[in-house]
Amino acid sequence: MGRTKFDFEGETVIVTGGSSGIGRAIALEFGRAGATVLNADIRATSKDVDAQTPTHEAIEADGGTAEFVETDVSDPDALAAVVERAEEIGVDGQNSTARRTSSPGVDVMVNNAGVFVREEMLDVSIDDFEFIHDINSKGVFCGCQVAGQAMKDRGEGGVIINTASISSTHAQKNQVPYDSTKGAIRMITRGAALEFAEHDVRVNAVAPGHIATEFGAGAEKKEQAVVADDLVKPIPLDRPGYPEDVAPAVLFLASDQAGYVTGETMYVDGGWQVF
Ligand code: NAD
């Protein structure tokens, strides 16, 4: 089978929630592909017990360029500050070799940060509902808005990728708050794609299936996610998903190879949602 090597040399990529799990894998992969990576997370250190080195340090140890910007994605001002930081990096000269653009700024925005709540609908408090929507859907909306505005103002195009989920289209028991955020992300992606196309900004989403991360709970959740799902509905590719399965799909959607793809939600789920 063929191999594809992505080249993001000279480009600035923001990944929200890049300290852990899927976001960390995405950030590391962009770092390997030559991008300057800004990890925008509430914490620098990973929740993942298998990955103790902070993401930006791991990228730099690998010869790349990265920094951590403490960011709460539920705060629109914090997201705007990360986008501004992407512009400053270029002014500092650290990113002056930008391949496709003549001015500094964010080339790729990955709105990935997310949290999970599992609770029977009748027991969900309004506080819990607002908490998850603040981070998952408002965070993605505002991430698209600040990046889209910056890309429009810069006038050199750009790419936005949002992390959706199989929950964007498939309801699962005790997941109304979470599933409704992921459904919203799918439509934010489609709407933003429609509105930003005239600015040469493509907007797509990846929809991971059950991926072995620390998501939602402690370390034991990693294996449980896979086992529990195997019992309910088999995964056609017959193996668990890993963050490293999702990252290349994001790089593809961010690359010129996907230059005619926008508004798309790409499932990375081993075939889970096809039946
Ligand atoms: P994770 O818990 O390993 O990573 C989430 C990251 O987001 C963490 O680093 C965390 O610190 C960060 N974060 C949380 N709240 C934040 C906030 N307010 N501001 C900034 N950063 C914040 O989880 P993961 O599995 O890697 O999930 C990443 C994304 O993938 C989420 O959007 C999730 O909904 C989505 N997803 C995960 C799965 C799965 O099975 N793991 C499946 C489908 C979709």
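Order of listing sets the numbers, starting from 1, for every ligand and every atom in it. Positions are given from 1 along the sequence. No experiment lies behind these values; they were computed from the predicted model shown.
The nearest non-hydrogen atom to atom 19 (N) of ligand 1, considering only N162, T163, V73, N39, comes from V73. Distances from atom 4 (O) of ligand 1 to the heavy atoms of S20, S168, G143 show the closest one on S20. In this structure, of D269, N136, I22, the residue bringing a heavy atom nearest to atom 26 (O) of ligand 1 is I22. Residue G209 holds the heavy atom nearest to atom 38 (C) of ligand 1 of all those in G139, S165, G209.
Contacts between Y178 and ligand 1, counted as non-hydrogen atom pairs separated by less than 4.0 Å, involve the side chain only. Of the heavy atoms in H210, only backbone atoms (N, CA, C, O) come closer than 4.0 Å to ligand 1. Contacts between I135 and ligand 1, counted as non-hydrogen atom pairs separated by less than 4.0 Å, involve the side chain only. At a heavy-atom distance under 4.0 Å, only side-chain atoms of K182, from C-beta outward, approach ligand 1.
Taking every heavy atom of R43 and a limit of under 4.0 angstrom, the matching atoms of ligand 1 come to 10 (C), 11 (O). Interface atoms of ligand 1 facing V115, defined by a heavy-atom separation under 4.0 Å, are 14 (C), 15 (N). Which parts of ligand 1 touch T71 is read off a 4.0 Å heavy-atom cut-off, strictly below it: atoms 19 (N), 20 (C). The distance from ligand 1 to the heavy atoms of G21 drops below 4.0 Å at these ligand atoms: 3 (O), 26 (O). Against a heavy-atom cut-off of under 4.0 Å, D72 is close to the following atoms of ligand 1: 17 (C), 18 (N), 19 (N). The ligand atoms of ligand 1 that sit less than 4.0 angstrom from a heavy atom of A164 are 44 (C).
Taking all atoms of both residues into account, the shortest heavy-atom contact from F141 to I188 is CB-CD1, 3.9 Å. Heavy atoms only, all atoms of each residue included: G114 and I135 are closest at CA-CG2, 4.3 Å. In terms of heavy atoms, A254 sits closest to V108 at CB-CG1, 4.0 Å.
Residue D41 places a heavy atom under 4.0 Å from ligand 1.
Remark: V146 pairs with L79, A80, V83 by the side-chain contact (heavy atoms from CB on, under 4.5 Å) rule, at least two apart or across chains.
Remark: ligand 1 and I211 share an N or O pair separated by less than 3.5 Å (distance only, no angle test). Residue T213 has at least one N or O atom closer than 3.5 Å to an N or O atom of ligand 1.
L122 belongs to no hydrophobic cluster, as no Ile, Leu, Val, Met, Phe, Trp or Tyr side chain comes under 4.5 Å of its own.
The one candidate from N39, D62, V37, I59 that meets the side chain to side chain contact (heavy atoms under 4.5 Å, CB included) condition with L28 is I59.
Around the CD atom of E70, the shell of radius 6.0 Å holds no more than 12 heavy atoms that belong to other residues, nucleotides or ligands. Shown here is R190, whose CZ atom has no more than 12 heavy atoms of other residues, nucleotides or ligands within 6.0 Å.
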Please assess D107 against V159 for the test side-chain contact (heavy atoms from CB on, under 4.5 Å), listing each intermediate value before the final yes or no. CA-CA 6 Å; D107 296 291; V159 183; over 6 Å; no
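With a 4.5 Å cut-off on side-chain heavy atoms, F131 and D127 do not count as touching.
A salt bridge does not link D256 with R202: none of the charged nitrogens is closer than 4.0 Å to a carboxylate oxygen.
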